[in-house]
Amino acid sequence: MEFQQRTVFCGTLRKFDVGSEVTLNGWVQKRRDLGGVIFVDLRDRTGIVQTVFNPEINAAAHEIGDKVRTEYVISVKGKVVERDPETINPNMLTGEIEIQVEEIEIINQAKTPPFFIEDDVDVDEQVRLKYRYLDLRRPQMFKTMQLRHKVTKMFRDFLDGHEFLEIETPMLTKSTPEGARDYLVPSRVHPGEFFALPQSPQLFKQLLMVAGYERYFQIVRCFRDEDLRADRQPEFTQVDIETSFLNMEDLLTMMEEMMAKIVKELKGIEIETPFQRLTYADAMDRYGSDKPDLRFGMELVDISDIAQTCGFQVFNGTVNRGGQVRGINVKGCAHYSRKDVDDLMKFAGKYGAKGLAWMAFKDDEIKGPIAKFFTEQEIATIKDRLQVENNDLLLFVADKAKVVADSLGALRLKFGKELGLIDESKFAFAWVVDFPLVEWDEEAKRYVALHHPFTRPRPEDLHLFDSEPGQIRAQAYDMVLNGYEIGGGSMRIYKRDIQEKMFKALGFSQEEANEKFGFLLEAFEYGTPPHGGIAFGLDRIIMILAGASSLRETIAFPKTASAKDLMTNAPDAVDAKQLEELSIRISIPPNQKS
RNA sequence: GGAGCUGUGGUGAAGUUGGAGUUCACGCUGGACUGUCACUCCGGAGGUCGCGGGUUCGAGUCCCGUCAGCUCCGCCA
């Protein structure tokens, strides 16, 4: 059975269409039956228009209109007519007109949906995810998917305009050490062997540089089998970029230009370039984070020197053991109750802080149990350094650097959000640079690459390989936006001797390195250009541009926090026969049955 | 692996000191209604209180366990 095809979209009709004969296809948003006349709001992806079924116009159509229900798929033919002035609906873009229906065809019936197809629908996300195809009918979701399409296209257009080639790399690839846990795919042809889904096309893009492709990009799905967060999905999309014969400055400049252009075109906001740059050390010291939200201040202030000489044992003891004491000024919160502060302590405790010292300044009075350990002079210095005014609350953490940064950094963000210090309309871009090349892993008892094993060290730090590898700074950079890491990359090692030093620092023998990255190392022997690149997290960028707080809002079919798809119920058990073909036997410890 | 919050007709919620599956709104359904757009009015249907166990004469409510969703820590660039 053929149906009457649309001549125009619902949401596009306006007053100047009055008089024209149109056919519309779409879903029934709402039916209002007034006995004689029936109104049906018809929706497609462009919007909603009111159609009118009047028995005096067409009795047959009116009769069918009576049977129509929510979410039925229909085709209506009729005339666009102007509404009487008193019946104009100013809340609808199409509110000045309506469709006088002459023919209607029910293309498909529909069950009543479990929730209303409308924005700001108050329904549990579990239900939305199970019926994602209905959720996606909501105008807001159309908007987000449209935004995603646009941004993706802008990336493509910009990179195309800068001589980049989009090249696909394999999804079925080799598991490599370092980095996240791999998603594995068993090979039927090679029993007992596995492909890994890419965590990123890292090695392939470097090989494309060896191959002389100069400028590569790819908008590509990546997979990481790690636990989820609001801003972390097990499969996500990267805008993956690699260049040859381009130094770091030129690459960063180009990437700034790209992001500024996208924000400008989408939001009409002029982004200042070059972006602010912070060293990793600075970011950690001042914001307690390697992805600081620069939309507000409340920086972490070091008072270790004062703490060391003060009478408070927790403070001077921590500093004497090599730790530090830092504080933040929570403006106007001197009124916090004992319980408020207790809650803050609990919060800081999640990040390893063993305590939270506080001082409140209210009308020339200093409150807080630690105040008595400081001399007048010390208090004055603290007030000066933290720019204390009346009614301010100071919070201090004394611990090793990581704990101080993590806990105060988290508190800073919490206050930023709760005290409304963040200007939501702002786009605060920054580069974080000079990351350490390697980091000591207490568990593995060896250094591990902070970025990855092919990251180029800064030339002036090369001599530290033999003495203090932890002090070497990498030519690595993260692009940060509003407290999210939206991109990261590095210049890569292209000299064999440096690569060997790197592997040595990571505790890989030549044999191990060959076994794991042999193909890459071999390729590097055939004329490797200086190269480097970056990868952007497309989903996160969309999330920020859409003003969403979860990646799930930006992905058409996302997974839950336990990495499940509630709509398809994947992952799921498979047939014994399939397993047999793959030479796989399932062995689940009895306490892990799900 | 750990912590917190949540789970009650299709949806969202309320449910007191432990006393009958009780309530509200929306939706659904039958009827009435010719200018509604949150249509209105009258009637009706709809439940494994996430699941399992325990305490109790009696559990939506208390206890233990468990599952699911969300957020966070660990993990992850």
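Values reported hereafter were calculated over all heavy atoms of this structure, with side chains retained and with hydrogens, waters and symmetry mates removed. Here is the naming used below: chain letters follow the sequence lines, and residue numbers restart at 1 for every chain.
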Apply salt bridge (charged side-chain N to carboxylate O under 4.0 Å, His left out) to [X] and list each qualifying residue two or more places apart in sequence or on a separate chain.
{"X": "A:E439", "value": "none"}
{"X": "A:K400", "value": "none"}
{"X": "A:D33", "value": "A:R31"}

Can you list every pair that meets salt bridge (Lys or Arg N to Asp or Glu O under 4.0 Å) and has a residue in residues 475-488 of chain A, with sequence neighbours left out?
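Those involving residues 475-488 of chain A do not exist here.
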Salt bridge (Lys or Arg N to Asp or Glu O under 4.0 Å): pairs with one or both residues in residues 44-54 of chain A, sequence neighbours excluded:
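Pairs touching residues 44-54 of chain A that pass the test: none.
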Going by ring pair (Phe, Tyr, Trp, His ring centres under 6.0 Å), name the residues that satisfy it together with A:Y72, two or more places apart in sequence or in a different chain.
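Once residues adjacent in sequence are excluded, A:Y72 has no partner under the ring pair (Phe, Tyr, Trp, His ring centres under 6.0 Å) criterion.
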Donor + acceptor pair across side chains of A:T12, A:R14 (<3.5 Å):
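Side-chain D/A pair, A:T12 to A:R14: absent.
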Looking at RNA chain B, which of residues 34-45 of chain A put a heavy atom within less than 4.0 Å of it?
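Listed by number, they are A:L34, A:G35, A:G36, A:V37, A:F39.
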Please list residues of residues 128-140 of chain A whose heavy atoms come under 4.0 Å from any atom in RNA chain B, ordered by number; otherwise none.
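Here the set is empty: none.
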I need a per-nucleotide contact map over nucleotides 25-30 of chain B, read 5' to 3'. Cutoff is protein heavy atoms under 4.0 Å; write B for the base, S for backbone only, - otherwise.
-SSSSS
List every contact pair, protein side and nucleotides 7-9 of chain B side both N or O, where the distance is under 3.5 Å.
none

Protein N or O to nucleotides 71-77 of chain B N or O, pairs below 3.5 Å:
{"from": "B:U71", "atom 1": "OP1", "to": "A:R552", "atom 2": "NH1", "distance (Å)": "3.3"}
{"from": "B:U71", "atom 1": "OP1", "to": "A:R552", "atom 2": "NH2", "distance (Å)": "2.9"}
{"from": "B:U71", "atom 1": "OP2", "to": "A:R552", "atom 2": "NH1", "distance (Å)": "3.3"}
{"from": "B:C72", "atom 1": "OP2", "to": "A:A230", "atom 2": "N", "distance (Å)": "3.2"}
{"from": "B:C72", "atom 1": "O2'", "to": "A:K350", "atom 2": "NZ", "distance (Å)": "3.1"}
{"from": "B:C73", "atom 1": "OP2", "to": "A:R229", "atom 2": "NE", "distance (Å)": "2.9"}
{"from": "B:C73", "atom 1": "O2'", "to": "A:K350", "atom 2": "O", "distance (Å)": "3.3"}
{"from": "B:G74", "atom 1": "N7", "to": "A:R229", "atom 2": "NH2", "distance (Å)": "2.7"}
{"from": "B:G74", "atom 1": "O6", "to": "A:R229", "atom 2": "NH1", "distance (Å)": "2.9"}
{"from": "B:G74", "atom 1": "O6", "to": "A:R229", "atom 2": "NH2", "distance (Å)": "3.1"}
{"from": "B:G74", "atom 1": "N1", "to": "A:D227", "atom 2": "OD2", "distance (Å)": "2.6"}
{"from": "B:G74", "atom 1": "N2", "to": "A:D227", "atom 2": "OD2", "distance (Å)": "3.1"}
{"from": "B:C75", "atom 1": "O2'", "to": "A:E226", "atom 2": "OE1", "distance (Å)": "2.5"}
{"from": "B:C75", "atom 1": "O2", "to": "A:R232", "atom 2": "NH2", "distance (Å)": "3.1"}
{"from": "B:C75", "atom 1": "N3", "to": "A:R232", "atom 2": "NH1", "distance (Å)": "3.3"}
{"from": "B:C75", "atom 1": "N3", "to": "A:R232", "atom 2": "NH2", "distance (Å)": "2.7"}
{"from": "B:C75", "atom 1": "N4", "to": "A:R229", "atom 2": "NH2", "distance (Å)": "3.2"}
{"from": "B:C75", "atom 1": "N4", "to": "A:R232", "atom 2": "NH1", "distance (Å)": "3.0"}
{"from": "B:C76", "atom 1": "O3'", "to": "A:A180", "atom 2": "N", "distance (Å)": "3.4"}
{"from": "B:C76", "atom 1": "O2", "to": "A:R232", "atom 2": "NE", "distance (Å)": "3.3"}
{"from": "B:C76", "atom 1": "O2", "to": "A:R232", "atom 2": "NH1", "distance (Å)": "2.9"}
{"from": "B:C76", "atom 1": "N3", "to": "A:R232", "atom 2": "NH1", "distance (Å)": "3.1"}
{"from": "B:A77", "atom 1": "OP1", "to": "A:A180", "atom 2": "N", "distance (Å)": "2.8"}
{"from": "B:A77", "atom 1": "O3'", "to": "A:R224", "atom 2": "NH1", "distance (Å)": "3.2"}
{"from": "B:A77", "atom 1": "N6", "to": "A:D290", "atom 2": "OD2", "distance (Å)": "3.3"}

Distance-only check: which donor-acceptor pairs under 3.5 Å involve side-chain atoms of residues 50-66 of chain A, not counting sequence neighbours?
{"from": "A:Q50", "atom 1": "OE1", "to": "A:R32", "atom 2": "NH2", "distance (Å)": "2.9"}
{"from": "A:Q50", "atom 1": "NE2", "to": "A:E98", "atom 2": "OE1", "distance (Å)": "3.0"}
{"from": "A:T51", "atom 1": "OG1", "to": "A:V40", "atom 2": "O", "distance (Å)": "2.8"}
{"from": "A:N54", "atom 1": "OD1", "to": "A:E56", "atom 2": "N", "distance (Å)": "2.9"}
{"from": "A:N58", "atom 1": "OD1", "to": "A:A60", "atom 2": "N", "distance (Å)": "3.0"}
{"from": "A:N58", "atom 1": "OD1", "to": "A:A61", "atom 2": "N", "distance (Å)": "3.0"}
{"from": "A:N58", "atom 1": "ND2", "to": "A:E102", "atom 2": "O", "distance (Å)": "2.6"}
{"from": "A:H62", "atom 1": "NE2", "to": "A:G36", "atom 2": "O", "distance (Å)": "2.4"}

